[in-house]
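A short write-up of the structure that comes next.
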Amino acid sequence: MYDDNEADTYIMLLLSDSNLPTGSFVASSGLESYVKHGFASSSSSADVATVNFVRDSLASYARTALPFVSDAHRAVVKFASDEEGDGNVERRKEERFNDILKTLTDLDELYSAMTLNHVARRASMSQGVALLTLYSKGFSRPPSMASAESQDRESRMRKLLDLFKLKVRREEVSGHLPVCWGVLTAALGLKLERAQYLHLFLHTRSLLSASVRLNDLGPYGAQQVLLHAVRPLVAAEATRCRDLRTGLLDSSAEGFDAATFGPANTWPLGEILAGRHDLQHSRIFNS
């Protein structure tokens with residue numbers, strides 16, 4: 001047997017697999033536009049330019065996305081704990097499904113409203129629905145491996161993600177990446193702090209992967225940057241933004257300070273460059 005920390009570590013290893021079909025391979029998160037518009041050429045070297053972009057992109061993304069990751073994760077964890085051992089009638093259970101779907105829809109709509117450019121919105125939606133599909137096809141337990149103690153919770157998680165994915169397919173909700181990441185990691189039982197850290201790590205790793213394919217960095221150089229330059233950046237942003245919230249799950253009586261604890265875009269230049277991605281004459285990535 002293994003404890004919760006070992007279980008979390010195992011889930012993190014699974015989620016960090018670059019072979020997972022999440023759609024991040026076709027996204028550069030504005031890096032291609034940043035390079036094509038000549039901003040990388042002002043730096044002394046390619047690795048310095050890449051680190052500068054990663055630092056600014058990560059700081060803005062963490063402040064924008066982590067509040068939605070956190071609130072989606074909190075909502076699903078609360079839904080799961082409320083349901084466990086519940087003896088209410090079936091109608092009450094359906095009401096709880098409706099409540100959590102309403103919460104996730106509200107979070108998703110707020111994130112869509114705060115994502116200012118269509119390129120980032122498009123990439124976020126494609127990667128978000130990929131995570132929902134990943135759970136149903138890759139992470140849900142097959143019936144032959146089901147156990148009595150896990151069957152009830154996992155069946156509810158599978159139903160929740162299937163219902164949310166159905167709303168995405170019907171275009172009733174966009175299914176953005178941070179919201180779906182919070183839902184997925186909560187359904188898998190990954191602790192919030194680790195879900196936050198891993199989300200930021202995967203964002204930076206995707207940027208460095210894009211840099212390699214843009215021929216700005218070599219594969220070995222990208223690994224050096226990832227280990228020595230990016231690691232403290234991810235740790236710092238995860239710590240700085242771990243307590244941020246959207247405010248949607250907090251009652252107005254608590255006096256939620258959106259300016260201090262709410263989501264915000266902190267890098268307008270990156271937003272503008274990302275929005276100009278589709279104007280490039282030739283491009284490798286979809287965003």
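Scope of the values below: all heavy atoms of this structure, side chains included, with no hydrogens, waters or symmetry mates. FYI, the numbering just counts along the sequence from 1.
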Output the distance between atom [atom1] ([X]) and atom [atom2] ([Y]), rounded to the nearest 0.5 Å.
X: Thr103; Y: Leu248; atom1: OG1; atom2: CG; answer: 8.5 Å
X: Thr260; Y: Asp243; atom1: OG1; atom2: CG; answer: 12.5 Å
X: Glu109; Y: Glu172; atom1: CD; atom2: CD; answer: 10.5 Å
X: Arg242; Y: Ser70; atom1: CZ; atom2: OG; answer: 11.0 Å
X: Leu190; Y: Met12; atom1: CG; atom2: CE; answer: 6.5 Å
X: Ser140; Y: Leu161; atom1: OG; atom2: CG; answer: 9.5 Å

Mind checking whether Asn5 and Arg194 have side chains closer than 4.5 Å, heavy atoms only?
->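 A side-chain contact under 4.5 Å exists here.
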Would you check if Met157 and Val76 make a side-chain contact, meaning some heavy-atom pair closer than 4.5 Å?
->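 Yes - at least one pair of side-chain heavy atoms lies under 4.5 Å apart.
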Determine which pairs satisfy salt bridge (Lys or Arg N to Asp or Glu O under 4.0 Å) with at least one residue from [range], sequence neighbours left out, and list them in order.
range: residues 53-70; result: none
range: residues 35-47; result: Glu32-Lys36
range: residues 228-241; result: Glu237-Arg240

Over all atoms of both residues, closest heavy-atom pair of [X] and [Y]:
X: Val119; Y: Gly275; answer: CG2-O, 4.2 Å
X: Ser57; Y: His203; answer: OG-NE2, 3.1 Å
X: Lys167; Y: Leu101; answer: CD-CD2, 4.2 Å
X: Ala186; Y: Val77; answer: CB-CG2, 4.0 Å
X: Val48; Y: Ser43; answer: CG1-CB, 4.1 Å

Residue pair Arg283 / Ser33, side-chain donor-acceptor N/O under 3.5 Å =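 No pair is found: no donor N or O on one side chain lies under 3.5 Å from an acceptor on the other.
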hydrophobic_cluster_shared for [Y] and [X], side chain cutoff 4.5 Å:
X: Val168; Y: Leu110; value: yes
X: Phe164; Y: Leu166; value: no
X: Ile284; Y: Leu273; value: yes
X: Leu107; Y: Leu163; value: yes
X: Leu207; Y: Val26; value: no

Side chains of residues 174-183: which donor-acceptor partners sit under 3.5 Å, not counting sequence neighbours?
unit_1, atom_1, unit_2, atom_2, d
His176, ND1, Ser124, OG, 3.0
His176, NE2, Ser112, OG, 3.4
Trp181, NE1, Ala195, O, 3.0

Using the side-chain contact (heavy atoms from CB on, under 4.5 Å) rule, pick out the option among Leu233, Val69, Leu66, Val230 that qualifies with Leu200.
->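 Considering Leu233, Val69, Leu66, Val230, a side-chain contact (heavy atoms from CB on, under 4.5 Å) with Leu200 is found only for Leu66.
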Give every donor-acceptor pair under 3.5 Å between a side-chain atom in residues 130-139 and any protein atom, sequence neighbours left out.
unit_1, atom_1, unit_2, atom_2, d
Thr133, OG1, Val129, O, 3.0
Ser136, OG, Thr133, O, 3.0
Ser136, OG, Lys165, NZ, 3.2

Could you name each residue pair satisfying side-chain hydrogen bond (donor to acceptor under 3.5 Å, both in side chains) that touches residues 207-224, not counting sequence neighbours?
->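 Residue pairs passing side-chain hydrogen bond (donor to acceptor under 3.5 Å, both in side chains), neighbours aside: Thr50-Ser211, Ser209-Arg213.
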Write out all pairs satisfying side-chain hydrogen bond (donor to acceptor under 3.5 Å, both in side chains) with one or both partners inside residues 267-278, taking only residues at least two apart or from two chains.
->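 For residues 267-278, and leaving out neighbouring residues, the side-chain hydrogen bond (donor to acceptor under 3.5 Å, both in side chains) pairs sorted by first residue read His37-Arg276, Asn117-Glu271, His118-Asp278, Arg122-Asp278, Asn265-Glu271, His277-Gln280.
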So, Lys159 and Glu94, do they make that salt bridge, N to O below 4.0 Å?
->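 Judged by the 4.0 Å cut-off on N to carboxylate O distance, Lys159 and Glu94 do form a salt bridge.
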Not counting sequence neighbours, which residues clear ring-ring contact (aromatic ring centres under 6.0 Å, His included) with Tyr34? List them please.
->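 Partners of Tyr34 under the ring-ring contact (aromatic ring centres under 6.0 Å, His included) test: Phe39, Phe53.
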Could you tell me which residues satisfy ring-ring contact (aromatic ring centres under 6.0 Å, His included) with Phe261, sequence neighbours excluded, listed by chain and number?
->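 Here no residue qualifies.
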By salt bridge (charged side-chain N to carboxylate O under 4.0 Å, His left out) - contacts of Glu193 (at least two apart) =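 Here no residue qualifies.
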Contacts of type salt bridge (charged side-chain N to carboxylate O under 4.0 Å, His left out), residue Arg245, not counting sequence neighbours |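 Result, salt bridge (charged side-chain N to carboxylate O under 4.0 Å, His left out) vs Arg245: Asp71.
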Checking side chain to side chain contact (heavy atoms under 4.5 Å, CB included) for the pair Thr185/Gln196: CA distance, chi angles, key distance, verdict?
-> CA-CA 10 Å; Thr185 51; Gln196 293 171 332; over 6 Å; no
Can you name the side chain to side chain contact (heavy atoms under 4.5 Å, CB included) partners of Asp17, sequence neighbours left out?
->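 Testing Asp17 for side chain to side chain contact (heavy atoms under 4.5 Å, CB included), a comparison that skips the adjacent residues, returns Asn19, Leu20.
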Would Leu188 and Leu15 count as a side chain to side chain contact (heavy atoms under 4.5 Å, CB included) if you check the C-alpha gap in whole Å, the side-chain angles of each, and the deciding distance to 0.1 Å?
-> CA-CA 10 Å; Leu188 293 174; Leu15 291 174; 4.1 Å; yes
Would Asp108 and Leu104 count as a side chain to side chain contact (heavy atoms under 4.5 Å, CB included) if you check the C-alpha gap in whole Å, the side-chain angles of each, and the deciding distance to 0.1 Å?
-> CA-CA 6 Å; Asp108 194 78; Leu104 296 178; over 6 Å; no
Pair His199 and Phe68, ring centroids less than 6.0 Å apart =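 No, the ring of His199 stays outside the 6.0 Å limit from the ring of Phe68, centre to centre.
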Working for side chain to side chain contact (heavy atoms under 4.5 Å, CB included), residues Ile100 and Lys78 = CA-CA 9 Å; Ile100 182 62; Lys78 185 177 185 299; over 6 Å; no
So which of Thr105, Asp99, Asp106, Asn98 actually passes side chain to side chain donor-acceptor pair (under 3.5 Å) with Lys102?
->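 Between Lys102 and the candidates, side chain to side chain donor-acceptor pair (under 3.5 Å) is satisfied uniquely by Asp106.
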